[in-house]
Amino acid sequence: MKNLVKDIVQNAAQKAFDNDMLPSSQMPDMEIEAPKHDSQGDLSTNFAMVSAGIQKMAPRKIAKALIAAMDPVDFIDKVEVAGPGFINFFLRPSAWHPVVDQVLAADERYGASDFGRNEKVQVEFVSANPTGPLHVGHGRGAAVGDAVGNILAFAGFSVSKEYYINDSGRQIKTLGTSVWFRLLEMAGRSIDFPDDCYKGEYIKDLAGRVLAAEGPDFVNLSDDAAIAVCARYAAQQILGDIRNDLASFGVAFDQWFSEQSLYDSGRLQQTITDLKALDLVYEKDGALWFRTSDFGDEKDRVVVRSNAMTTYFASDIAYHQEKYERGFDRVIDVWGADHHGYINRMAASIVALGKKREQFQVILVQLVNLLRGGKPVQMSTRAGEFVTLKDIVDEVGKDAARFMFLSRSYDSGLDFDLEVAKQKSSDNPVYYVQYVHARIAGIWSKAAEQNLVADKDVTRGKNLHLLVEKEEINLIKILAGFPEQVQKSAATCHPHVIFTYLMSLASAFHVYYNRHKVITADSSLSQARLCLVMAVKKVIRNGLALLGVSAPERM
RNA sequence: GCGCCUGUAGCUCAGCUGGAUAGAGCAACGGACUUCUAAUCCGUAGGCCGCAGGUUCGAAUCCUGCCAGGCGCGCCA
């Protein structure tokens, strides 16, 4: 619709120039948009205002000339100049009816596009260390990363979702130590449990499982050997739990990438060799430093410590190089806001090794405030007391949790109230939207009982010309806007755009539902309305799917 | 001290690649079920868009400086 109107404007501008009503034929960078108020028409363009400089004329004069040059079009009711020079188009209902056909025909692909031109994008998210269960923050990161991946894919990007497993290094050893000491405690030894070890209950649980698997003689092993066994076993178990929790949360990764594999394959050593060959590193105080400050970082960073161990940063450089070698044009990392200090050095390393800055993007997800009935839930990671993602999914359900995580821009902190997320009421936005889907399903089953619709798989609308009510046209306008919202969401990597869209579509439907009966005595009109609400149902489903939320037939 | 994010209705937040009269939910008050699901809808009330400058025909939106809150500034990961 917007493109149609744009063509009309451009043709009129050309014609006005040909007739000497406008001095220049140069087209400005105009916008066609839906105005805020009904009195301002259905669509509006700022053509005249942005042309003022080109035409050297007052905007309202340009607008008048343009309208005068416009050919009459059957679906346009009237065109007028308003405000500082907006040109407002008032459309007839018939202008909007084809949208319903488009939705029904495209079905689960309605809203999809080739906007991304198949560009290969990798989205890496969660990537929590396998040293403990996922918590609320990971939940928000998981919801965001997964939704961004879905949205980019829907918008025509070739997307791969990946989880980076930090299964190497000190924290895994700490995990092994933690389990080992708990195990010794169980075996009756008196142990001073170290302060820097993990203290959660799950560690004791793991210790019990190791003991059961290895047998009573296990406690006689040397510390080093036992810790290695415990570490391997515990990391494996925890990773398995993480996979299960994410699966329950509706998140599926295309790839799980092990940090340890970078050591095993020699990829990490290769990266160090490359850095030396390119003179990007130097030695100081016995350590090897990367000249990241030459590429926008605040200071240089150590990649090999004076004890010959590589840093986490070194693994990450190798890992990101490996990503680009796999052919990704763009790499998106989803990180918690507390890691923002890491962005510049990562970006610097990527630029230093020959990629463009735009090929690396970090989505920083701000922190989650977990509340219960408006009061903060006290958590202490150190003491091992925290609400896990699994706890939340068990308590409020996958759909409510995901919808809540995606309801706000990740640039803002998020208040997540367990009581609200659990409520099956209007306080809870997920039901507001899902209810639309279920209501329409209900209407359709009633219609089927009355044999109103012969074919449930409608691929185009019937009697659409009968849709003339204000609420019906409004609904169709919103349906027409879905593809654009998907693109906006993809272009900005902001899933809450879809959330906001769904809320407005759901609201428009509820208004319509309360004011008009879909099934009436008039079977032709009923059919037309059934097609309209079916289109709404499909768009709700498509939008929810992007956010990883289900669309129930019944509630 | 430096960096990132945030500041919009009583509360939680949309709107931020500049446009017309700044929106929604919750909370408050008053209404609507013999009807396809009241998990809904309608109405009322509620605003120096943190403050001060600047750019512009036009600023919640862009720039600068303040103020306030959150987070971060390791040869940790």
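Letters A, B, ... mirror the listed sequences (proteins, then strands); counts begin at 1. As the structure is a computational prediction, the values presented were derived from the model and not from experiment.
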Interatomic spacing from [atom1] in [X] to [atom2] in [Y] - rounded to 0.5 Å:
X	Y	atom1	atom2	value
A:Leu546	A:Ser489	CG	OG	7.5 Å
A:Leu175	A:Thr131	CG	OG1	6.5 Å
A:Lys462	A:Ser524	NZ	OG	11.5 Å
A:Ile498	A:Leu547	CD1	CG	6.5 Å
A:Leu475	A:Lys470	CG	NZ	13.0 Å

With RNA chain B as reference, determine whether A:Lys36 or A:Tyr431 sits nearer its 5' end, using the nearest nucleotide of each.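 The residue whose closest nucleotide sits nearer the 5' end is A:Lys36.
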Which whole-number value in Å describes the distance from [X] [atom1] to [N] [atom2]?
X	N	atom1	atom2	result
A:Gln423	B:rG25	CD	P	16 Å
A:Leu367	B:rC71	CG	P	7 Å
A:Lys422	B:rC26	NZ	P	20 Å
A:Asn428	B:rU40	CG	C1'	15 Å
A:Ile363	B:rC71	CD1	P	22 Å
A:Asp411	B:rG15	CG	C1'	14 Å
A:Lys470	B:rC42	NZ	C1'	12 Å
A:His37	B:rU21	NE2	P	8 Å

Could you write nucleotides 8-14 of chain B as a row of B, S and -, 5' to 3', where a protein heavy atom under 4.0 Å of any base atom gives B, of only sugar-phosphate atoms gives S, and otherwise -? ----BSS
Nucleotide by nucleotide, nucleotides 72-77 of chain B touches protein heavy atoms under 4.0 Å in the pattern (B base, S sugar-phosphate only, - none) S--BSB
Proximity to RNA chain B (any heavy atom under 4.0 Å), residues of residues 509-521 of chain A only: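 Correct list: A:His510, A:Val511, A:Tyr513, A:Asn514, A:Arg515, A:His516, A:Lys517, A:Val518, A:Ile519.
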Using atom [atom1] of each nucleotide, how far apart are [N] and [M] to the nearest Å?
N	M	atom1	value
B:rG15	B:rG53	P	28 Å
B:rC41	B:rC13	P	22 Å
B:rA14	B:rG7	P	7 Å
B:rG50	B:rA60	P	10 Å
B:rU44	B:rA27	C1'	15 Å
B:rC49	B:rU61	C1'	10 Å
B:rC63	B:rC16	P	15 Å
B:rA24	B:rU8	C1'	13 Å

Reckon [X] touches a base, only the sugar-phosphate, or nothing at all at heavy-atom distances under 4.0 Å?
X	answer
A:Met309	nothing
A:Asp38	nothing
A:Ser504	nothing
A:Ala438	base

Pairs of donor and acceptor atoms involving the side chains of residues 500-507 of chain A, under 3.5 Å and at least two apart or interchain, shall be tabulated with distances.
unit_1	atom_1	unit_2	atom_2	d
A:Thr500	OG1	A:His496	O	2.9
A:Tyr501	OH	A:Ile478	O	2.7
A:Ser504	OG	A:Tyr501	O	2.8

Under a 4.0 Å threshold between the charged nitrogen and the carboxylate oxygen, would [Y] count as salt-bridged to [X]?
X	Y	answer
A:Glu419	A:Lys375	no
A:Lys36	A:Glu33	no
A:Lys323	A:Glu124	yes
A:Lys78	A:Glu80	yes
A:Glu395	A:Lys422	yes

A:Tyr513 six-ring centre to A:Arg439 NZ/CZ under 6.0 Å and within 45° of normal: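 Judged by the rule, A:Arg439 and A:Tyr513 form a cation-pi pair.
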Would you say the side-chain atoms of A:Glu298 and A:Asn344 include a donor-acceptor pair closer than 3.5 Å?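 Side chains of A:Glu298 and A:Asn344: pair found under 3.5 Å.
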Secondary structure of RNA chain B per the Watson-Crick/G-U criterion (both distances under 3.5 Å; [ ] crossing, | other strand, . unpaired) is (((((((..((((.....[...)))).(((((.......))))).....(((((..]....))))))))))))....
Could you give all pairs that pass the salt bridge (Lys or Arg N to Asp or Glu O under 4.0 Å) test and reach residues 505-525 of chain A, with sequence neighbours left out? A:Glu471-A:Arg515
Name of the residue among A:Tyr312, A:Tyr164, A:Phe313 meeting ring pair (Phe, Tyr, Trp, His ring centres under 6.0 Å) with A:Tyr319: A:Tyr164
Do we count A:Tyr432 as stacking onto B:rA39 if the rule is ring centres under 5.5 Å and planes under 30°? no
Between A:Tyr163 and A:Phe257, ring centroids under 6.0 Å: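 Centroid distance A:Tyr163-A:Phe257: not below 6.0 Å, so no.
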Any idea if B:rC33 is syn or anti, going by the 90°-from-0 cut? syn
Ignoring the backbone of A:Met555, work out which of B:rA39, B:rC16, B:rC4 is nearest its side chain.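 Shortest atom-to-atom distance from the side chain points to B:rA39.
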